[in-house]
Amino acid sequence: MSTMTYLQAITDGLRTEMRQDERVFVLGEDVGAFGGAFKATAGLYDEFGADRVQDTPIAESAIIGASVGAALAGLRPVAEMQFSDFVACGFDQLVNVAGKMHYRTGLAVPMVLRLPTGGGFAGGPFHSQNPEAWFMHAPGLKVVAPSTPADAKGLLMSALRDPNPVCFLEHKNLYRRQKGEVPEGTHLEPFEARVVRAGEELTIVAYGAMVHAALAAADTFEPGRVEVLDLRSLVPLDEEAILASVRRTSKVLIVDEANETCAAGAQVAALVADRAFSDLDGPVRRIATPDVPIPFSPTLEASVLPTPDRIAEAARELLAY
Amino acid sequence: MSTMTYLQAITDGLRTEMRQDERVFVLGEDVGAFGGAFKATAGLYDEFGADRVQDTPIAESAIIGASVGAALAGLRPVAEMQFSDFVACGFDQLVNVAGKMHYRTGLAVPMVLRLPTGGGFAGGPFHSQNPEAWFMHAPGLKVVAPSTPADAKGLLMSALRDPNPVCFLEHKNLYRRQKGEVPEGTHLEPFEARVVRAGEELTIVAYGAMVHAALAAADTFEPGRVEVLDLRSLVPLDEEAILASVRRTSKVLIVDEANETCAAGAQVAALVADRAFSDLDGPVRRIATPDVPIPFSPTLEASVLPTPDRIAEAARELLAY
Amino acid sequence: MATLTRAESPTPAAGPRPKAGAPDAAAPDAEAAASDPALTPDDRLALYRFLVQMRAIEERGVALYKQGKVPGSFYDGRGQEAISVGATFALGPDDVVCSPLIRDLGAHLVRGTDVTEILRHYMGRQNALSHGREGNVHFGDRARGVVGMVSMLPDMMVVAVGLAMAFRMRGERRVALSFFGDGATSRGDWHEAMNWAGVRKEPVVFVCENNGLAYSTPSDRQFVVGPAERAAGYGVASTTVDGNDVEAVHAAVHAARLRALAGDGPTLVEARTMRMHGHGAHDDQRYVDPELLASWTPKDPLTRYDARLTEQGVDTAAVRERVAAELEQAVTVALTAPLPDPAVATSDVFCAGEPATLGRGDAPWSFHSPEAAA
Amino acid sequence: MATLTRAESPTPAAGPRPKAGAPDAAAPDAEAAASDPALTPDDRLALYRFLVQMRAIEERGVALYKQGKVPGSFYDGRGQEAISVGATFALGPDDVVCSPLIRDLGAHLVRGTDVTEILRHYMGRQNALSHGREGNVHFGDRARGVVGMVSMLPDMMVVAVGLAMAFRMRGERRVALSFFGDGATSRGDWHEAMNWAGVRKEPVVFVCENNGLAYSTPSDRQFVVGPAERAAGYGVASTTVDGNDVEAVHAAVHAARLRALAGDGPTLVEARTMRMHGHGAHDDQRYVDPELLASWTPKDPLTRYDARLTEQGVDTAAVRERVAAELEQAVTVALTAPLPDPAVATSDVFCAGEPATLGRGDAPWSFHSPEAAA
Ligand SMILES: Cc1ncc(C[n+]2csc(CCOP(=O)(O)OP(=O)(O)O)c2C)c(N)n1
Ligand SMILES: Cc1ncc(C[n+]2csc(CCOP(=O)(O)OP(=O)(O)O)c2C)c(N)n1
Ligand SMILES: [Mg+2]
Ligand SMILES: [Mg+2]
């Protein structure tokens with residue numbers, strides 16, 4: 001174990017697997033000697049060279065499409081979008097080529113698409129998005145979203161060994177703010193949810209940065225009342241873990257940093273409302289970012305992103321329901 | 001009134017508005033003299049000429065982006081995707097440029113993007129998709145989906161007059177199969193839901209082609225039991241109409257031709273589970289296409305798309321709950 | 001520890017492969033000699049047979065479509081057969097075709113994909129290529145190094161660049177071959193593929209089927225400067241050939257392949273041709289000037305090659321008869337195939353085990369497979 | 001009945017517009033004469049002032065950013081000021097800039113956008129340009145015919161093509177001007193924009209800011225053939241100029257504009273330059289060879305133009321002082337601006353009423369506005 005930031009854990013996961021598996025290589029804009037816009041690939045170029053740590057042209061479609069080709073040829077590409085927002089420029093290669101390949105042809109596409117996501121640092125409408133629901137609605141893509149340094153490494157290393165295209169959502173706001181113990185060497189985490197705070201009266205379902213907001217909100221209640229479930233994986237979605245928790249607590253609050261409509265949280269809500277209905281003692285509540293582009297000005301941004309206060313308030317209401 | 005197919009109603013809506021508003025023009029692949037892959041623009045080239053009915057290169061991003069530019073200049077472009085599936089190739093211009101323009105700059109983008117959607121005719125994984133949830137999850141886009149010839153014209157003409165980008169989902173399977181009375185001349189329908197079959201015991205929420213499947217299912221019950229609500233518009237979503245119906249009937253079945261996860265139906269389910277919870281007498285049920293690419297072979301396709309039988313079965317279960 | 005396989009051949013495909021040649025890594029001399037790509041009589045016969053076979057299957061396919069035996073839609077490459085056949089014939093067994101498009105059935109035939117499977121696939125029956133999940137020419141044959149196309153044009157060019165990149169990184173003597181139409185050059189992915197291939201010098205061969213039409217839209221509404229000329233803007237070599245001359249296409253792709261193997265980077269081969277049928281079986285292409293079509297009839301790639309081979313003393317009628325007989329047999333078998341089990345509609349969205357690798361395709365050309373030509 | 005406005009000017013922007021010129025539709029002779037784009041002393045002074053202003057604002061912006069007064073990130077165009085200033089200065093008032101990018105503050109200044117508003121916008125305060133919804137150089141000024149950029153490069157080139165298309169369809173004498181960087185040429189949208197503009201001969205001018213770098217990635221990893229040469233592959237005219245010479249940029253864009261107005265289609269003006277700062281204020285660009293940077297220092301567009309004007313007897317120090325004083329005043333005012341009302345975070349996602357049209361920008365160049373020059 002050693003203490004690392006979320007960002008360092010990502011680099012460590014990449015480095016560890018690149019040392020063990022020569023098929024793994026990294027590509028993206030400025031990921032080479034520069035180490036990437038967020039320094040997630042810092043040091044890799046020096047260790048592994050230009051072929052395994054490739055600077056690409058500004059061409060998101062080609063970054064994704066060429067990764068598909070390399071994966072078909074037996075390599076294990078790890079492609080970086082400089083910001084997850086730019087994935088819209090390569091969307092077609094992702095949803096139509098990568099996502100459908102195995103079902104249509106039997107060929108597998110073992111690739112990882114690293115996507116720095118999320119807001120909270122005045123990034124504005126094009127550097128703050130949370131695009132995961134788009135991927136969830138595209139069959140054939142796995143989607144994971146770690147909230148801690150250990151999970152960042154563990155889910156990344158599992159993604160690198162998965163024979164499918166995996167969208168790996170790394171929240172920019174966790175990069176340097178989250179520090180924690182991370183196992184050394186190979187560390188694999190399953191694509192499953194985890195209870196990060198046990199409680200009896202209400203389940204808060206969250207993932208990514210919102211796990212920390214949910215924990216902060218849970219901390220405002222007596223211990224043991226509010227359970228926080230960290231989804232960690234969105235596809236596959238750990239339905240049994242969600243249902244088990246909600247059936248036990250009988251109340252649920254679903255938190256999502258993404259825009260509200262058709263978000264991951266909507267899917268979780270629909271699941272609960274269908275399959276845990278008879279165990280529910282209150283409405284299925286959601287907190288998400290309203291359907292607006294993420295505004296730049298810190299006061300505006302803070303007014304739309306879910307905060308611990310807003311989560312705690314909704315939790316209070318639900319507990320009292 | 002005259003009797004038209006759904007497809008003819010679309011052409012009629014375009015023609016009517018193009019005669020009245022010189023700013024309206026049509027662009028897309030093969031939409032000119034050829035009249036488009038589905039003949040939705042048949043005859044328009046002869047009447048309005050090459051400038052107002054433009055064949056474009058195969059360049060979905062440019063079709064959408066150039067439409068944004070023309071709209072900023074005060075025109076009213078109507079862009080056609082040859083199949084809605086190809087919108088993934090122009091996704092970035094749609095979600096990042098068109099959708100966010102007004103919020104960011106105050107400039108409006110009055111354009112209509114016509115998207116022939118849906119399966120049921122052995123179109124396979126790339127000619128059968130229902131992409132509306134992606135748009136719903138992108139702030140700034142309106143999304144409408146008519147189910148009848150009259151609505152096809154009425155919602156299209158309203159879209160043509162809307163100062164925002166409107167994704168107009170026209171279901172290919174309705175093009176020639178749906179015939180009905182369509183008002184002549186200007187015909188405007190609001191972006192609101194409509195009860196198409198009144199009932200007391202269960203609400204089936206649907207849109208597009210699924211409205212007809214829902215009606216067929218409703219017909220298997222005594223009249224007055226099952227209500228069918230045709231959403232017609234997904235953004236804005238007529239939340240009050242949904243809630244009013246469900247509160248009255250106390251049970252809801254949501255039908256969606258799109259892939260299940262994070263679909264429009266998930267959003268409707270989440271809405272109901274939150275805001276009509278105390279009126280519900282049964283779980284919020286959904287029927288949608290499982291999370292698979294739409295298979296080609298008719299037997300396979302029929303096994304994944306929602307059918308009247310499957311809807312009726314779920315309705316029966318819910319009524320008995 | 002999993003390692004990068006350098007200069008090794010990929011896992012050979014399972015099953016009997018009557019005409020699979022030696023990996024060309026083992027035959028550098030044959031290749032060098034082949035820079036004058038003299039075709040043997042057997043090669044010519046093979047080329048002719050593939051042309052005839054493609055035409056016959058597609059004619060039968062249209063008929064089956066009109067009889068309702070082929071669901072959905074049907075696309076063919078009438079008049080363009082020489083391109084996919086000639087180009088694919090120039091490949092070695094380890095090369096990858098990514099991807100044949102809707103006018104490129106010949107590529108599948110050259111690589112050795114089973115005709116009965118193709119027919120079953122067209123018909124949406126149980127089949128080993130797509131399991132009924134895909135239709136029309138949207139199939140590949142993993143085991144023969146063929147990646148099936150997607151509809152979005154020209155996405156697979158980008159994927160081919162990625163394959164070529166992997167070959168280069170591993171030091172393998174393999175190329176990726178990708179087809180595209182003139183119309184597809186307007187899309188951004190064409191540019192991204194060309195640029196990436198050019199800047200990285202990837203071992204990829206792009207074959208442009210320039211038939212002057214994108215569905216109903218003629219070239220002058222698509223571009224001002226033709227694809228081959230544009231290649232220069234990417235540092236990509238280019239050459240233009242008569243797309244209705246199967247040997248010309250073959251020679252150009254052969255040279256392009258050697259260039260790629262030599263580390264000199266990508267080539268765009270523009271094959272000029274004419275689409276003699278509508279875009280698909282539903283399209284009567286009345287928008288095409290009948291005189292233009294008539295002017296291309298004498299250039300039919302089959303008729304021309306037939307005349308050439310007949311002159312060389314080949315009994316072409318015998319070839320045609322054999323192909324026809326084999327095809328009827330295959331159709332009969334295919335028509336008895338059951339429909340797919342509905343369970344396959346929802347399985348295999350994700351890969352569960354080890355990824356299957358791309359196998360080796362047939363490479364009947366004697367220069368690549370001297371033993372097969374013997 | 002709503003009608004297509006043919007050859008009419010768009011609605012003039014509200015408010016006093018001190019330097020707005022006559023619509024050039026009314027001044028065809030002036031334009032013809034301007035094919036020799038002799039600049040008057042007033043023009044030169046204006047050009048110099050805009051260069052100085054851009055540099056001053058950005059230097060102040062970096063300082064404010066480092067003081068925490070500018071949230072998020074900050075990008076500047078140090079060393080590249082001559083491009084946005086020179087290019088935009090060649091436009092008529094009805095032309096549209098779509099869009100200035102992160103190195104193009106000068107375009108906004110030339111069009112007349114208020115500096116205090118720009119500062120407020122940078123700081124995320126209440127402001128008329130973006131209401132705090134946007135940050136850094138992501139703003140436009142609707143009323144001055146400037147469409148704000150999006151981050152996705154080079155999306156706005158495509159939008160500019162659409163604007164130009166509308167101008168052509170309505171028979172208006174207007175062009176659209178779009179900027180792009182060398183790195184952005186790798187993206188598919190660059191190709192789609194170039195191809196569309198070329199095939200349709202749209203009245204659009206593309207200005208390439210070729211600084212040899214895309215963030216940390218040098219051109220040789222982006223493309224093999226430079227942007228201007230590539231233009232030929234689209235039937236797009238091109239010209240390469242010294243991007244650090246404001247008059248050279250101006251002359252090239254002026255000629256390109258006339259070409260577009262004459263119906264001869266698009267032009268790509270490649271302006272060669274060097275990015276003298278890091279990609280953004282966070283970037284020390286240690287990946288750039290210091291000698292390379294040093295070799296560009298003497299080519300600084302301000303120093304050079306300063307020397308030229310000084311030689312012509314202009315009191316450049318007076319200009320700099322005036323600009324500095326005005327800027328300090330604007331900063332003081334901007335710093336007192338309140339933060340935006342949180343309500344604007346969720347309003348205006350959709351347009352409710354009639355769309356606002358693009359207004360007219362300042363066009364200080366005397367050839368376009370003889371009366372203003374008088
Ligand atoms: C991205 C995309 N847009 C639209 C289509 C619909 N479409 C199918 S084939 C075709 C024309 C293709 O023309 P070309 O590339 O010249 O190939 P050809 O059919 O002439 O062989 C079009 C527009 C598509 N397949 N992909
Ligand atoms: C589609 C897209 N991908 C990635 C980025 C991130 N990014 C911002 S600026 C930049 C470099 C741009 O280089 P260039 O176009 O040469 O402009 P310059 O900064 O040199 O003026 C990159 C990669 C982006 N803005 N858009
Ligand atoms: Mg063609
Ligand atoms: Mg640059």
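Order of the sequence lines fixes the chain letters, A, B, ..., with proteins taken first and strands second; residue numbering starts at 1 for each chain.
- Looking only at distances, no side-chain donor or acceptor of C:R103 sits under 3.5 Å from a matching main-chain atom of C:Q80.
- C:E192 touches chain D through backbone and side chain together, each having a heavy atom under 4.5 Å away.
- Remark: the backbone N or O of D:A248 is paired with a side-chain donor or acceptor of D:D245 at under 3.5 angstrom.
- For C:W196 and D:F223, the gap between ring centers reaches or exceeds 6.0 Å.
- Listed for the D:D182 side chain is a donor-acceptor partner under 3.5 Å among the backbone atoms of D:N211.
- With chain D as the partner, the residue from C:Q222, C:E229, C:M194 showing the most heavy-atom pairs under 4.5 Å is C:Q222.
- For D:R221, the part lying under 4.5 angstrom from a heavy atom of chain C is the backbone only.
- Heavy atoms closer than 4.5 Å to chain C are found in the backbone of D:A232, but not in its side chain.
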